[in-house]
Trainee: 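Handing you this structure, nothing more for now.
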Amino acid sequence: MQPDLLSSAQLAHTSRLFRNRSPLVHCMTNDVVQTFTANVLLALGASPAMVIDAQEAPQFAAFADALLINVGTLTQERAHAMRLAVDSANANNTPWTLDPVAVGALSLRTEFCQQLLALRPAAIRGNATEIMALAGMSHGGRGVDTTDTAAAALPAAEALARQYSTRVAVTGEVDYVTDGRRTLMIPGGDPLMTRVVGTGCALSAVVAGCCALPGDALDNVAAACAMMKRAGRAATENSRGPGSFVAAFLDALYTEGQS
């Protein structure tokens, strides 16, 4: 299928809605990116929370607006807490998003993510190699680094979306978001975004928050990608390297959320 471009009107609508609704996003994410993820969500007007204990996580998932499952620093104990949170989210109609970090090459996270797929995430967000590995079309990449292009992973994304009735965002130089029937293409961003830890993981949190918004879920997930790419491009124009990029990126997201 031929991808379409997300309209600027849809992007503006979702951006305003995100700030007005200020979704409470329960982020069960990796230890490396918690602060950055929280700051990204705050800059866009959302409310982040990092609740990871196995007793508290399912309680919080029951009243959060959205849940993110990011397996970047997965342990057996954390997998147990995540599974409880997903079960609670499903029982309470809380949409949840899966970020299958470095899936494919490592057995614990690969088996765990395959189990989670059966629990029907509202969205999946990963790089090309992660999406291909999740679909069984690859054995994984070099840690968190992708070895494939997003365009090459689009058939895998479409197959996952159809099989699990979800939306799949495969991100890279160009992002593609698909529900298996319709696909949106999101260009933009800048390579400097790959020199800062956590931009992809933070995007997954924004995707999770957008899944809690009313309207077309595919459009909302695509808008999450577009918000991050637009902020990345703006930040590059106002920074000298990775250090100043982070501050400029958060400022650009804050402006995005107020537009």
Side-chain angles (χ1 to χ4, degrees), residues 1-25 27 37 39-48 64-68 70 94-99 121-127 131 150 154 157-158 160-161 165-190 193 198-236 249-259:
M1 65 186 71
Q2 183 65 33
D4 296 319
L5 288 171
L6 180 74
S7 72
S8 57
Q10 181 61 51
L11 172 57
H13 171 74
T14 301
S15 180
R16 288 193 299 269
L17 195 60
F18 193 87
R19 175 165 288 276
N20 291 338
R21 294 280 179 137
S22 187
L24 174 59
V25 185
C27 301
T37 297
N39 283 334
V40 164
L41 288 171
L42 286 168
L44 286 169
S47 181
D65 294 311
L67 169 66
L68 168 65
N70 174 305
T94 303
W96 64 279
T97 293
L98 174 63
D99 186 337
I124 302 167
R125 200 296 308 172
N127 67 35
I131 295 302
L154 185 53
E158 292 169 343
L160 279 173
S165 301
T166 188
R167 299 99 199 154
V168 179
V170 53
T171 55
E173 185 175 349
V174 174
D175 295 350
Y176 295 92
V177 181
T178 183
D179 60 7
R181 298 173 299 278
R182 185 165 65 101
T183 299
L184 294 170
M185 178 176 64
I186 305 95
D190 191 271
M193 296 176 74
T199 51
C201 295
L203 168 58
S204 295
V206 179
V207 166
C210 283
C211 286
L213 302 178
D216 187 282
L218 184 70
D219 288 342
N220 288 338
V221 171
C225 296
M227 284 188 276
M228 295 286 278
K229 278 192 172 293
R230 189 158 75 172
R233 177 62 60 86
T236 301
F249 184 63
L250 293 175
D251 286 348
L253 288 172
Y254 182 72
T255 302
E256 173 82 47
Q258 292 187 320
S259 62

Trainee: Quick check: do Arg182 and Asp216 have side-chain heavy atoms less than 4.5 Å from each other?
Mentor: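 Answer yes - side chains close enough.
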Trainee: When you measure from the side chain of Thr199 to the backbone N and O of Met193, does any donor-acceptor pair fall under 3.5 Å?
Mentor: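 Checking the backbone N and O of Met193 against the side chain of Thr199, a donor-acceptor pair under 3.5 Å is found.
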Trainee: Could you give the distance from CG (Asp4) to CG (Leu6), rounded to the nearest 0.5 Å?
Mentor: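 It comes to 10.0 Å.
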Trainee: So, for Ala46 and Pro23, which heavy atoms are closest and what is the spacing to 0.1 Å?
Mentor: CB-O, 3.5 Å
Trainee: So, for Ala224 and Val206, which heavy atoms are closest and what is the spacing to 0.1 Å?
Mentor: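 Ala224 and Val206 have their closest heavy atoms at CB-CG1, 3.7 Å.
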Trainee: Please name the pair of heavy atoms, one in Thr37 and one in Ala205, separated by the smallest distance, quoted to 0.1 Å.
Mentor: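 Answer, listing the atom of Thr37 first, then Ala205: CG2-CB, 3.5 Å.
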Trainee: Any idea which heavy atoms bring Ala226 and Leu11 closest together, and the distance?
Mentor: CB-CD1, 3.7 Å
Trainee: Examine distances only and state if a side-chain atom of Thr166 and a backbone atom of Ala161 form a donor-acceptor pair shorter than 3.5 Å.
Mentor: no
Trainee: Can any side-chain N or O of Arg167 pair as donor or acceptor with the backbone N or O of Ala122 at less than 3.5 Å?
Mentor: yes
Trainee: What's the separation between atom CG in Leu24 and atom CG in Leu67, rounded to the nearest 0.5 Å?
Mentor: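 CG of Leu67 is found 10.5 Å from CG of Leu24.
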Trainee: Going by atom types alone, do Thr97 and Arg125 pair a side-chain donor with an acceptor below 3.5 Å?
Mentor: no
Trainee: List the steps, then state whether side-chain contact (heavy atoms from CB on, under 4.5 Å) holds for Met227 with Leu203.
Mentor: CA-CA 9 Å; Met227 284 188 276; Leu203 168 58; over 6 Å; no
Trainee: Can you find a heavy atom in the side chain of Asp219 that is under 4.5 Å from one in the side chain of Thr14?
Mentor: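 No, every pair of side-chain atoms sits at 4.5 Å or beyond.
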Trainee: Shortest non-hydrogen contact from Val40 to Ala202?
Mentor: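 The answer is CG2-CB, 3.8 Å.
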Trainee: Rounded to the nearest 0.5 Å, how far does OG of Ser204 lie from CG of Leu98?
Mentor: 8.5 Å
Trainee: CG/Leu213 to CG/Leu17 distance, rounded to the nearest 0.5 angstrom?
Mentor: 4.5 Å
Trainee: Can you check side-chain contact (heavy atoms from CB on, under 4.5 Å) on Cys27 and Leu41, steps first, answer last?
Mentor: CA-CA 10 Å; Cys27 301; Leu41 288 171; 3.7 Å; yes
Trainee: Please report the shortest heavy-atom distance between Thr178 and Leu218, naming the atom on each side.
Mentor: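 Taking every non-hydrogen atom into account, C-CD1, 3.6 Å.
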Trainee: With rounding to the nearest 0.5 angstrom, report the CG to OH distance, Leu42 to Tyr254.
Mentor: 11.0 Å
Trainee: Could you check Glu158 against Val168 for side-chain contact (heavy atoms from CB on, under 4.5 Å), going step by step and ending with a plain yes or no?
Mentor: CA-CA 7 Å; Glu158 292 169 343; Val168 179; over 6 Å; no
